[in-house]
There are 4 protein chains.
Amino acid sequence: MSNTKDIILACARDQYLTDGYKGLSMRKIAEKAGISATAIYRHFNNKEELFHRLVKKGFGTYTQYLIPALDEPTAELRFKKTMANALNFILEQPKYFELIFVKSETKDELVNFDDLRIDSKISFDFYTARITECISEGYLKDDNPSEISVLLLAAYTGFFALYTSGLLPRSKADIEALYWRTIDRILNGVVA
Amino acid sequence: MSNTKDIILACARDQYLTDGYKGLSMRKIAEKAGISATAIYRHFNNKEELFHRLVKKGFGTYTQYLIPALDEPTAELRFKKTMANALNFILEQPKYFELIFVKSETKDELVNFDDLRIDSKISFDFYTARITECISEGYLKDDNPSEISVLLLAAYTGFFALYTSGLLPRSKADIEALYWRTIDRILNGVVA
Amino acid sequence: MSNTKDIILACARDQYLTDGYKGLSMRKIAEKAGISATAIYRHFNNKEELFHRLVKKGFGTYTQYLIPALDEPTAELRFKKTMANALNFILEQPKYFELIFVKSETKDELVNFDDLRIDSKISFDFYTARITECISEGYLKDDNPSEISVLLLAAYTGFFALYTSGLLPRSKADIEALYWRTIDRILNGVVA
Amino acid sequence: MSNTKDIILACARDQYLTDGYKGLSMRKIAEKAGISATAIYRHFNNKEELFHRLVKKGFGTYTQYLIPALDEPTAELRFKKTMANALNFILEQPKYFELIFVKSETKDELVNFDDLRIDSKISFDFYTARITECISEGYLKDDNPSEISVLLLAAYTGFFALYTSGLLPRSKADIEALYWRTIDRILNGVVA
DNA sequence: TATGAATGAGTATTCATTCAT
DNA sequence: GATGAATGAATACTCATTCAT
């Protein structure tokens, strides 16, 4: 429960959240943390490892956004709350979202990928579990639950990619409304 | 129509396509182009501008993938061909896709954003036009065409983001099949 | 007779023997010794002193290679056994040899040089003693024993310098044979 | 015939000659050369290459010391002049000698070793040629010329190793006289 | 148009060492 | 005796950019 380690991670996250990957340098992290650059190496072997831990923390944060949905009484409500929580994660932690879902620029750093895949699977499985119970409850068509997870996650991540790219130049409120209409279209189809 | 300018852009693109943004350096571009690093500055004021032009070219390439869909005889076929072409773009030009759709890492470079938004709008409008005529033809429900474009683009970009992140660990063939099933679910809905 | 002190020295030696002077760092020594880097400073004031002790130990080891030659019955045999033992030291402890005979790179560290010179003199005197008794016994010409020591040591160290530099690209077996032919030429001269 | 390149090499040599390998840093070389550290990389790809060129220059310098011996009229005189010139090289360029003959600390850097071996072979062959003609002329016993080269080079390099190690604590003049007596003993043997 | 030389700020990382505990 | 945390200086090297030619 080293405090400095957490501070470093927090600063690294903050720096990544504002400056992106390009701006993530040991020096700047250290400066933000109020320690020397070399002190970081007492806590992390190298930048790669530090970033890896950061991504792990990202997945952890995401999961913590999703889990409260389990408090809802029915499968349908749990599903909808999950989508709502996911939206909140996008809106409140946009760079964290990017870190864990987009991160194509930084894939090289993720050497120990199996390790992270497990983390990512947790959130993916959370979706699948929600969908499975929605099918059981008769709210969703009988279909392959994990593929529906893919559909929802794809729409979800794509939505964000478009949004942060500036290709969906709307206000937060508009985005929220559009998000729900989009979910609705997915649920009910667009074909006549 | 300076030849060297085009060569530089082509080399920058190649380098970006293989090494990602981190590997995009003036020096390496120059080396690939067989000129000196400083010679680049005859053609582009700085790296920012060069990258900007690169993104522009990315949009152009994407558009060129879409356009052949217009040869199809009916609105529905033109729509489906558009989705097929978009898939091909993903599979054949993954880094280009990333460059123009994901690129959150590089947003800083996009100073002249209005300029690029026009380019991006072209492809977005292409979708919208296809959807509009599908609605006219009665193939799709009467709905807001641009919002359906958003849905499709979101699913499309999200699909790719998941894929290149390694979060959809499937073969190209599997991805293609899954893509089509996903499109199908969007078209027909998943609610019972 | 602190145990940790000896362990540190042993680890420093091992590290030097494998990685050379460049690889001799307090951190790595500590890691090898299973203690913290700072713990070394309980036993040695600084790296300089530690290295100094290491060189001392090198001379000790060298002496231990030579001494068994005293078991031989005649001066000539003791002399020849000494040369044989010296060869073994080269072949079995190349880096140790380098440490104590070449070590020009590290002369700065040898602050307390008088101290080491005494150690080195012991082995030098061992040669001289062998030669003196060979002259007494009539095996060697009447000559200045210490200068003949210089000749033999020079040939000996030079032989090794050439060998480890890769300038004598031969196998161990070839080197051994060449060494003896070289000793022979020294003993008997090359002039017609 | 870039001037800066030569200046850099000269400064690197000077720095090596005074500070040894440990003190050979790009920064210090640059400082000595009056340029920025990075400017070095315009002329050498990296430290390894720079050092490699330095060693090459060392061999060249050594060869230039030896060659004038060819002006002597007889094989015996050419041989003796060669030994004299070699001594001068030791006395005048001690660190250069060390650089090219001892350099065990830096062998790792010599990746392109074949390249350097050719250079070193030139000087070795020079010895062998002198000895071969001495045998022809009847001055030296009929023997293997290259092995006698080894003997002489070994004695020569060993002599220096002992000298620079401080194990031969004599003045330059004494060293010179001792050197010649040593050569003499090699030529005529020490056995009674 | 193009080049070669140079720069200064930046990169990650290693090092010997100190200090409070 | 020993540790963990931290430091400041050093390391080799890369970068985008400028300038004189």
Side-chain angles (χ1 to χ4, degrees), chain A residues 2-5 7-8 22-31 33-51 109, chain B residues 2-5 8 22-30 33-51 109, chain C residues 2-5 8 22-30 33-51 109, chain D residues 2-5 7-8 22-31 33-51 109:
Chain A
S2 153
N3 210 4
T4 309
K5 199 166 190 169
I7 291 174
I8 291 171
K22 274 191 306 174
L24 190 61
S25 92
M26 300 304 251
R27 244 123 106 143
K28 289 184 193 158
I29 293 168
E31 198 178 350
I35 59 175
S36 74
T38 53
I40 295 177
Y41 290 85
R42 181 68 36 193
H43 307 279
F44 304 93
N45 283 324
N46 47 43
K47 191 184 173 187
E48 217 171 85
E49 186 189 310
L50 189 154
F51 187 67
E109 324 296 331
Chain B
S2 150
N3 207 6
T4 309
K5 200 166 188 168
I8 291 171
K22 277 190 302 180
L24 191 62
S25 91
M26 301 303 250
R27 231 119 105 160
K28 288 184 192 158
I29 293 168
I35 60 175
S36 75
T38 50
I40 295 178
Y41 291 85
R42 283 284 147 196
H43 306 278
F44 304 93
N45 284 325
N46 47 42
K47 192 186 173 185
E48 222 170 82
E49 187 189 312
L50 189 154
F51 187 67
E109 323 296 332
Chain C
S2 148
N3 207 5
T4 310
K5 200 166 190 166
I8 291 171
K22 278 189 300 179
L24 191 62
S25 91
M26 300 304 250
R27 229 116 108 159
K28 289 182 192 160
I29 293 168
I35 59 174
S36 75
T38 51
I40 296 178
Y41 290 85
R42 282 282 147 197
H43 306 278
F44 304 92
N45 285 322
N46 46 42
K47 190 186 174 184
E48 220 170 82
E49 187 189 313
L50 189 155
F51 187 68
E109 323 297 333
Chain D
S2 153
N3 210 3
T4 309
K5 198 166 190 168
I7 291 172
I8 292 171
K22 275 190 306 174
L24 189 62
S25 92
M26 302 304 251
R27 241 119 103 151
K28 289 183 191 158
I29 293 167
E31 197 178 351
I35 59 174
S36 74
T38 53
I40 296 178
Y41 290 86
R42 181 69 37 194
H43 306 280
F44 303 92
N45 284 324
N46 47 43
K47 191 185 174 184
E48 218 171 84
E49 187 189 310
L50 189 154
F51 187 67
E109 323 296 330

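Proteins come first, then strands; the chains are lettered A, B, ... in the order of their sequence lines, and each starts at number 1. Just so you know, these numbers come straight off a predicted model, no measurement behind them.
Take D:Glu31 and apply the side-chain hydrogen bond (donor to acceptor under 3.5 Å, both in side chains) test, not counting sequence neighbours, and it matches no residue. With sequence neighbours excluded, the residues forming a side-chain contact (heavy atoms from CB on, under 4.5 Å) with B:Thr38 are B:Ser36, listed by chain and number. For B:Ala37, the side-chain contact (heavy atoms from CB on, under 4.5 Å) criterion is met by B:Ala30, not counting sequence neighbours. Every residue two or more places apart in sequence or in another chain was checked for a side-chain hydrogen bond (donor to acceptor under 3.5 Å, both in side chains) with A:Ser25, and none qualifies. Here D:Tyr41 pairs with D:Met26 under the side-chain contact (heavy atoms from CB on, under 4.5 Å) rule; sequence neighbours left out.
Taking only side-chain nitrogens and oxygens, D:Lys28 never comes nearer than 4.0 Å to OP1 or OP2 of F:dA10. Considering only side-chain N and O atoms, A:His43 lies nowhere under 4.0 angstrom from the phosphate OP1 or OP2 of F:dG4. Phosphate proximity of E:dG10 to A:Ser25: absent, as no side-chain N or O sits under 4.0 Å from OP1 or OP2.
In terms of position along DNA chain F, the nucleotide closest to C:Ile35 lies nearer the 5' end than the nucleotide closest to the other residue of the pair C:Ile35 and A:Ser36. Of the two residues contacting DNA chain E, namely D:Gly34 and B:Ile40, the nearest-nucleotide position lying further toward the 5' end is that of B:Ile40.
Within the nucleic acid shown, B:Leu24 comes within 4.0 Å of sugar-phosphate atoms alone, with no base atom in reach, counting heavy atoms only.
Considering only side-chain atoms of C:Ala39, the nucleotide from F:dT7, F:dA2, E:dA12 that sits closest is F:dA2.
Listed here is the closest heavy atom pair of D:Lys5 and D:His43: CE-O, 3.6 Å. Considering all non-hydrogen atoms of both residues, A:Phe44 and A:Glu49 come closest at CA-OE2, 3.8 Å. The two residues A:Ile8 and A:Ile40 come nearest to each other via the heavy atoms CD1-CA, 4.0 Å.
In this entry the distance linking CZ of B:Phe44 with P of E:dA2 reads 12 Å, nearest Å. The nearest whole Å value for the distance from the CG atom in C:Asn3 to the C1' atom in F:dG1 is 13 Å. Between the NZ atom of A:Lys5 and the C1' atom of F:dA6 there is a distance of 16 Å, given to the nearest Å. In this structure, CD of B:Glu49 is placed 14 Å from C1' of F:dA16, rounded to the nearest angstrom.
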Report all interatomic pairs (protein N or O, nucleotide N or O of nucleotides 17-20 of chain F) with separations under 3.5 Å.
residue : atom : partner : partner atom : Å
F:dT17  : OP2  : B:Tyr41 : OH           : 3.0
F:dT17  : OP2  : B:Lys47 : N            : 3.1

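The side-chain heavy atoms of C:Leu24 and C:Leu50, taken from C-beta on, include no pair separated by under 4.5 Å.
DNA chain E forms stems at E:2-21 with F:2-21, each a run of 3 or more consecutive Watson-Crick or G-U wobble pairs whose two key distances fall under 3.5 Å.
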